[in-house]
Number of protein chains: 2
Amino acid sequence: MLLTVTIKHVAKAAGVAVGTVSRVLAKNKTVNEEIRIRVEEAIQELGYQPNTLGRSLRLNKTDLIGLVIPDITNPFFAELAKHVEMLASSEGYSVLLANSHDDPAAEQQQVQALLGRLPRGLILVPVSESTIGDLVSGKNTVTVDRPLQGQTLVGVDNRRGGYLAADHLLSLGHRRIAYMSGPPTLDVARERREGFVGRIREFQQQHPSQPLAFQTVDGNFDYRAGEELGNRLLRQEHPPTAIATASDQQAIGLMRAAADVGLSIPNDLSIVGFDDIPLASLVLPRLTTIRQPLAEIARIALKAILSRSSTPHDCKLEPVLVERNSTRAWPGR
Amino acid sequence: MLLTVTIKHVAKAAGVAVGTVSRVLAKNKTVNEEIRIRVEEAIQELGYQPNTLGRSLRLNKTDLIGLVIPDITNPFFAELAKHVEMLASSEGYSVLLANSHDDPAAEQQQVQALLGRLPRGLILVPVSESTIGDLVSGKNTVTVDRPLQGQTLVGVDNRRGGYLAADHLLSLGHRRIAYMSGPPTLDVARERREGFVGRIREFQQQHPSQPLAFQTVDGNFDYRAGEELGNRLLRQEHPPTAIATASDQQAIGLMRAAADVGLSIPNDLSIVGFDDIPLASLVLPRLTTIRQPLAEIARIALKAILSRSSTPHDCKLEPVLVERNSTRAWPGR
DNA sequence: AGATACAGTGCAAAAGATTGCAACGATGAA
DNA sequence: TTCATCGTTGCAATCTTTTGCACTGTATCT
């Protein structure tokens, strides 16, 4: 165990008091140029690195950002984590990662453990609206993607996203449409569906004479749910000609189901996803989807944490439609 | 800002000295039963939680595990992160996440930043063999997937993995075979290829009369490389009937290229991947691949960290062939 | 010249927890 | 009675850093 060099050693080497070294480190200008140089030389010479723990204890705050997400394996959250980590580390912060596995009890435990580390702030994708509410209240928290009572939420305008998807399919001439939603317990899922259904209703009112079949199914956000719900939808007597989903993972699962049933995309079936994960542009055919500006979301969330604006102020970003090859105009056979 | 309750408050509430409270917390048995109960009640009552910083400063060690990976967006590393996080948090540790983006300079910076936090240990997927070598030497580090001079490596027997893939394709009757390798700078990639080539050569010696065409290409591990290399391989005059890749991501990119060329899998082309990421069993067709026991890898890596066995001792696990629907016997047209 | 201001520096007190050492009271032995 | 022992507990030092306060010496003003 090599013994570490502390601020005391630097002070002795430079022939000054520890306080002075500290002031040099803090770039405090009330320190003589000559002494500053002497101290900096000593720091160089000894290879001194400030002890984060001592500083944190004294200041009662750390350079840690807590990030609690349901599942790092989900490409959407992985992307979020990547951006948060990049931005945080460029500002000198490190990120504490915690998985909640979509389990309220685990989430509560994780949040508690993280809070015990006195992080500068918490970026949270909550799974349970109730369990952790008071745990994080007043704790410099920002919520991403999903809301939590009394906390700043930064995310996308989900209604608008749903609206865009519906509008896209309608304008392509589809008149047998289905919407594959997420878990009905989640606000995000409900909002996306409401936006989608809203556009459908709007169209029906504007064109009351046009026949329009529409249905909705619920499930999880993952691949498997996409496949299962897809099978259910496509094996009906009159299957839809277009399906919008609440996540790209669902959409990719759905593509699998479509292939099993023998449908070709986009010829027999148009699909539009949600999120625009990296894989979306790599599946075959490339997936038309509603893009969430994730880099921007991460940036704003982190800024909110670091600026400590105690008043919660939600931030809803604009989703955008990314047209690729999984949707096509319906010839109207 | 609500003021936090410290060990001092507990001591006063229980009418004992702080040292005694500390001993109760440490489950030190040299403390009277009666007093222990009184202290524990005070802890409950006040909702006291020990300050991690004070403890860490005193003990000069933390409950943090540093995890440095090239890219959290890569499903393989995401899966690794998930397992590490699960195991670590179940032992009371938190994980510090850092992305190196496959960039030696960034990696060096990240490792340095993490080490400054005095983690209990570092789990590292190194991108550069040279830059961080002396940075982490003697620092309780475990390397996963890729080796680093003088550090314990836990990973899969890559040669064996390559061997299994080649053996599978040969036994299916394929005689025009290609291997899509990873970056030749990476030991992992070289070993997998050597294993693969080794089995090919072995077969040639055993059956010198049988015609056997074999070629190799190099590239990155990601989807895009898979697609590009795939196009190059498949657009030859006599394309291979079977291709093994060095990663599932490559394999999935390759599937895309195959579809572009109009080849059906597994009828016209057999593909075997490497890693067995979750997506592998969800693509169409489901991907035959060489599975890495990632949960086991994470478990061993963490155990090595926590047991602080200072002598580096590599651990090579057995990869296993997972047969799914992307490979098929070659009829020998 | 004497008083005042001021920049620059040292000193010591925090911050919260752990732990070696001393002290204490009770007991038993000499 | 005195001494040693044992099991517990309190005291105080320690880990490293920051920062308010006091102090020094110089410069400026009256």
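Here the structure is a predicted model, which means the values were calculated and not measured. Order of the sequence lines sets the chain letters (A, B, ...), proteins ahead of strands, with each chain counted from 1.
The interatomic distance linking B:Q49 (CD) with C:dA17 (P) rounds to 11 Å, in whole Å. In this structure, A:K8 places its NZ atom 13 Å from P of D:dA13, rounding to the nearest Å. Rounded to an integer number of Å, the gap from CG of A:L53 to C1' of C:dA17 is 12 Å. At whole-Å resolution of the value, CZ in A:R55 and C1' in C:dA14 are 17 Å apart. Between the CD1 atom of B:I7 and the C1' atom of D:dC11 there is a distance of 14 Å, given to the nearest Å. In this structure, A:L57 atom CG and C:dA15 atom P are separated by 9 Å, rounded to whole Å. Nucleotide C:dG16 holds its P atom 18 Å from the CZ atom of A:R117, rounded to whole Å. Rounded to whole Å, atom C1' of C:dG10 lies 14 Å from atom CG of A:N28.
Near DNA chain C, defined here as any heavy-atom distance below 4.0 Å, the residues from residues 32-45 of chain A are A:N32, A:I35, listed numerically. A heavy-atom distance below 4.0 Å to DNA chain D is reached by these residues of residues 16-27 of chain B, ordered by number: B:V16, B:A17, B:T20, B:R23.
Remark: B:E191 engages B:K316 in a salt bridge, criterion side-chain N to carboxylate O under 4.0 Å.
In terms of modelled atom types and a separation under 3.5 Å, the side chain of B:E85 and the main chain of A:N99 share a donor-acceptor contact. Under a 3.5 Å cut-off, the side chain of B:E107 and the backbone N or O of B:V127 do form a donor-acceptor pair. Counting only distance, with no hydrogens or angles, the side chain of A:S247 and the backbone of A:F221 share a donor-acceptor pair below 3.5 Å. Between the side chain of A:T62 and the backbone N or O of A:L118 there is at least one donor-acceptor pair closer than 3.5 Å.
Within a 6.0 Å radius of CD in B:Q108, other residues, nucleotides and ligands contribute more than 12 heavy atoms. Summarising the local packing, CD of A:Q112 is surrounded by more than 12 heavy atoms from other residues, nucleotides or ligands at distances under 6.0 Å.
Within the 4.0 angstrom heavy-atom criterion, only backbone atoms of the sugar-phosphate kind lie near A:L59; the bases stay farther away. Using a 4.0 Å heavy-atom criterion, one finds that B:T6 contacts the sugar-phosphate atoms exclusively.
OP1 or OP2 of D:dT16 has not a single side-chain nitrogen or oxygen of A:Y48 nearer than 4.0 Å.
Closest approach of B:P70 to B:S100, counting heavy atoms only: CA-OG, 3.2 Å.
Comparing B:G15 and A:T52 along DNA chain D, the residue whose closest nucleotide (by nearest heavy atom) sits nearer the 5' end is B:G15.
Closest to the side chain of A:V31, from the set D:dT9, C:dT9, D:dT17, is C:dT9.
Side-chain contact, B:E79 with B:Q292: no donor N or O sits under 3.5 Å from an acceptor N or O.
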